[in-house]
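All values derive from a computational prediction rather than experimental measurement.
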Amino acid sequence: MDLLKDLNTQQKQAITADLGPVLVLAGPGSGKTRVLTHRVAHLIDQLGVRPYHLMAVTFTNKASKEMGERVARLIGRQTHGLTLGTFHATCARILRMEAEHLPVNSNYVIFDADDQIKVVKQVIKDQNLDDKRYRPQDIHGSISAAKNELYLPEDFPIGTYRDEVVVRIYEDYQKMLLASNAMDFDDLLLWMAILLKDNPVIREKYARRFEHILVDEFQDTNMAQYTLLKYLASYHHNIFVVGDADQSIYRWRGADYRNVMRFRRDFPQAQVILLEQNYRSTQTILDVAMSVIDHNTNRTPKRLFTERGTGQRILIKELYDEREQAQYIVDTIVKQVASKQANPGDFAVMYRTNAQSRLLEEAFLSANIPYKLVGAQRFYGRREIKDIVAYLRLVFNIDDEIGLMRVIKTPPRGIGIKTYAQLRAQAQKANISPGALLLDLAKEEESEHFSQFTSRSAKPLSRFGRLLAKWQTERDTLPPVEIMEHILEDIDYRNYIEDGGEEGKDRWDNVMELRRLASEYQTIGLQQFLEDVALVSDQDTLDKDAEAPTLLTLHAAKGLEFAKVFIVGVNDGVIPHKRSFEDPEAMEEERRLFYVGITRAKDCLYLSHVLNRYVYGNTEYGEPSRYYSDIPADLKEDAQQNYQQQRKSQIFRPWQKKSAPAAKSKPIEAQYKPGMSVEHPKWGNGLILGSKIQDDDEIVNIFFKDVGAKKVIASLANLEIIRK
């Protein structure tokens, strides 16, 4: 098969690049996945590299699966021995093989996001700290950021008292993970980097093995990932990375676009290849995207071009509020589907924050239109799924205390809070895990610890211990699906879950779907099943074939594409987000995020903003995004003026009484003058900074002592003038 057939000049240059470090800067829609897969196929088929000596890493399981299938098709055979997967999955496999050099055993479990927060909560409780002052999510974020920078607790930089508290929590958090023979997501990268750094023999073993390393979405790597890649490439120096710093949007979880610059510094001899031809979008959409991103600094300029033609101008729409915005989107989709201009699955609606989806969902439900919601409660995040997975995790690793905390009272079995606290205290005294103590209590009279419990608490603990012991004997002989069936039967989970009527039946259907998924692991085993469940991402669960509009955040849209894209809430304070206003780097990432959203669109792009935003139950004036001014007039169709006239005549406002049309309407005069003092029902006393008449109402700018400057709509704000 001709691997270079139908490729453009830049793609061919990348695929056939000489050995050594290669940096491919790939614009959106430029075929980077194609380049990666063809590069792997070229190395195997043309240069004779054995798959065993290749490592390719991606950011989603779906992407790695598709890459493997494409490579097999290109070379006409399976690529047995090829290391292909996400960073986390690849590290997890290597760490299991090298567990003797780690503080965990090879049968460690991986705690998901919910489990990690539970551990932090438990540590905060154990240390008698105020969880309102030290919010578990915030503390976990600090721990995660430290791990991404390869800081263990003893390395954590301390500048404030809060830092000291974080270090204490971090220390006990790690102790609890290790006591549970568990790792969190960040540990998989952290311990891999530490293993390669501190153990020259292991480092040389893998650096020699992997003659070629290929990396997708390189701009989304963090310091831990960059460090371990450098170690793995330290022998052969054949590292081929594909990325686009303009699409680096995950700073909040450690991604550092500066790794692209570090790569150029650390590998000065690297070949740099640009992929600028876009196969997805029209030229108008690309020009809009470039007009936005060109304002960012410290970037390699790219001139994106396409052979798809100019296409139609993007549409900018101003709506009265978020409800009207949601209705406008639904009406537009209904109209285009009804007139056969589009199919439901052609549409995506993107927004900056998850909270914005609520009114959109309401509008779709009211119109009886099915939709897909990305990033909502995933299948694996449902209560019943987490219950059964926790049971399986405990069977696989009896030291998993977080799994035990979840299942020991599910279903209820006479083990209350006091009994569990006693179990935990006795386990700490004996220097074993609570799970291991349960296995001992299963022996009753022969148990070393049975007599330390009252009969009332010992009996239910012993009964549960016997169940655990039974399932553990089956762990190495039965496939995951049979172990699951025995657990479901032994705890009578169906009766427990179906107690909730119709909702209970839906929950049982979800359990049966998990059973179906487990049946695919007949030969692979329980370890791989649990690992895949722990490392699944939102995009891995997205059904691309479902014929329905997709609702998703701009962050979740990365890597996806749609014929028609709505980006909603394009207001200052939303896009870009107000949290970023004081941070220049964050503001540059906001611009990159908007750029990513724009470049998901193939044919049509709709941007909308609202005049009135509801913030914490109050209405505030909505300022259109500053990004609009970056877009040249000839690229956009501004539907604002026509729509304003239509809105004035058609939209009913509840605070306005209907009256007969006047021959000539009297212009509204401003009531609120600069310097006035007013009382707001929620924010208290405020000072008027100024006001303006807009759209038949007065928009008032007020400074409040506790909450700062706010813009409100006079007719809605219930302001009381205290001093003129």
Side-chain angles (χ1 to χ4, degrees), residues 23-28 32-33 36 56-64 85-91 113 116 137 140-151 184-190 192-193 213-230 232 239 241-266 293 296-300 352-353 374-375 535 537-540 552-560 576-577 579-580 583-597 599-600:
L23 171 62
V24 180
L25 297 176
K32 66 179 178 59
T33 305
L36 270 170
V57 287
T58 65
F59 269 80
T60 66
N61 295 312
K62 187 168 283 187
S64 63
T86 64
F87 270 102
H88 292 87
T90 301
C91 290
Q116 293 164 36
Q137 285 83 357
H140 179 263
S142 298
I143 293 172
S144 178
K147 290 184 178 184
N148 288 335
E149 292 295 323
L150 300 178
Y151 294 145
D184 64 19
F185 299 146
D186 299 312
D187 280 333
L188 297 173
L189 307 176
L190 173 72
M192 183 72 184
I213 297 168
L214 300 95
V215 187
D216 193 10
E217 304 286 10
F218 182 67
Q219 77 283 343
D220 290 332
T221 53
N222 58 34
M223 183 52 76
Q225 289 162 328
Y226 183 77
T227 302
L228 65 89
L229 285 172
K230 273 184 64 180
L232 290 172
I239 180 165
V241 303
V242 182
D244 181 8
D246 290 339
Q247 296 185 70
S248 180
I249 59 173
Y250 298 119
R251 179 174 176 243
W252 47 277
R253 67 185 190 200
D256 191 345
Y257 73 95
R258 289 170 298 188
N259 283 346
V260 173
M261 291 181 273
R262 289 189 182 104
F263 185 90
R264 299 180 82 157
R265 182 195 65 208
D266 294 339
I293 202 63
N296 270 4
T297 58
N298 299 319
R299 53 182 292 274
T300 302
R352 177 64 179 80
T353 64
V374 180
L535 297 178
S537 71
D538 285 336
Q539 284 199 9
D540 292 329
L552 71 172
T553 65
L554 289 165
H555 282 102
K558 180 78 178 303
L560 303 177
H577 200 282
R579 284 196 304 263
S580 306
D583 182 348
E585 283 208 2
M587 284 297 282
E588 294 220 333
E589 178 151 305
E590 289 293 306
R591 197 176 281 277
R592 294 195 293 269
L593 185 60
F594 192 44
Y595 172 80
V596 165
T599 54
R600 300 310 94 195

**Request:** Taking all non-hydrogen atoms of both residues into account, name the closest pair between L535 and N61 and its distance.
**Result:** O-ND2, 3.3 Å
**Prompt:** Got a second to check how far N148's CG is from L189's CG, nearest 0.5 Å?
**Reply:** 7.0 Å
**Request:** Carefully, step by step, assess E217 and K558 under the rule salt bridge (Lys or Arg N to Asp or Glu O under 4.0 Å).
**Result:** CA-CA 10 Å; E217 304 286 10; K558 180 78 178 303; 3.4 Å; yes
**Request:** Indicate the atoms forming the closest heavy-atom contact of M192 with C91, along with that distance.
**Result:** CG-SG, 3.6 Å
**Prompt:** Got T221 and F87 here, is their nearest side-chain heavy-atom distance under 4.5 Å?
**Reply:** yes
**Message:** Any side-chain to backbone donor/acceptor pair from D187 onto D184? Under 3.5 Å, distance only.
**Reply:** yes
**Request:** Would you check if the side chain of E588 reaches a backbone N or O of E585 as a donor-acceptor pair within less than 3.5 Å?
**Result:** no
**Message:** Is it the case that the side chain of S248 and the backbone of Q219 share a donor-acceptor pair, with hydrogens and angles ignored and the cut-off at 3.5 Å?
**Reply:** yes
**Message:** Any non-hydrogen side-chain atom of K32 less than 4.5 Å from a side-chain atom of V24?
**Reply:** no
**Asked** Hey, are the side chains of V596 and L554 touching, using non-hydrogen atoms and a 4.5 Å cut-off?
**Response** no
**Item:** Heavy-atom closest pair, residues A224 and A193
**Value:** O-CB, 4.2 Å
**Item:** Residue pair R600 / L552, side-chain heavy-atom distance below 4.5 Å
**Value:** no
**Item:** Side-chain donor or acceptor of T227 paired with backbone N/O of M223 under 3.5 Å
**Value:** yes
**Message:** Tell me whether the count of non-hydrogen atoms from other residues, nucleotides or ligands lying under 6.0 Å of CZ in R262 goes above 12.
**Reply:** yes
**Prompt:** For the residue pair Y595 and D246, what are the closest heavy atoms and their distance?
**Reply:** CD2-O, 3.5 Å
**Item:** Closest non-hydrogen atom pair, T353 against T553
**Value:** C-CG2, 4.3 Å
**Asked** Any sub-3.5 Å donor-acceptor pair from D186's side-chain atoms to K147's backbone N or O?
**Response** no
**Request:** Indicate yes or no: does R592 engage E589 in a salt bridge with an N to O separation below 4.0 Å.
**Result:** yes
**Prompt:** Any side-chain heavy atom of V57 sitting closer than 4.5 Å to one from Q225?
**Reply:** no
**Fill in**
Heavy-atom closest pair (D220 atom, I249 atom, distance to 0.1 Å) is OD1-N, 4.0 Å
**Prompt:** Under the 3.5 angstrom rule, does the side chain of Y226 hit a backbone N or O of D256 as a donor-acceptor pair?
**Reply:** no
**Request:** Give a yes or no on whether the backbone of A145 and the side-chain of Y151 come within a donor-acceptor separation of less than 3.5 Å.
**Result:** no
**Message:** Run I239 and L232 through side chain to side chain contact (heavy atoms under 4.5 Å, CB included) and show every step you take.
**Reply:** CA-CA 9 Å; I239 180 165; L232 290 172; over 6 Å; no
**Item:** Rounded distance [0.5 Å steps], OG1 in T300 versus CE in M261
**Value:** 8.5 Å
**Prompt:** Rounded to the nearest 0.5 Å, how far apart are CG of N259 and CZ of R265?
**Reply:** 9.5 Å
**Asked** Can you find a pair of side-chain heavy atoms, one from F59 and one from D216, that are under 4.5 Å apart?
**Response** no
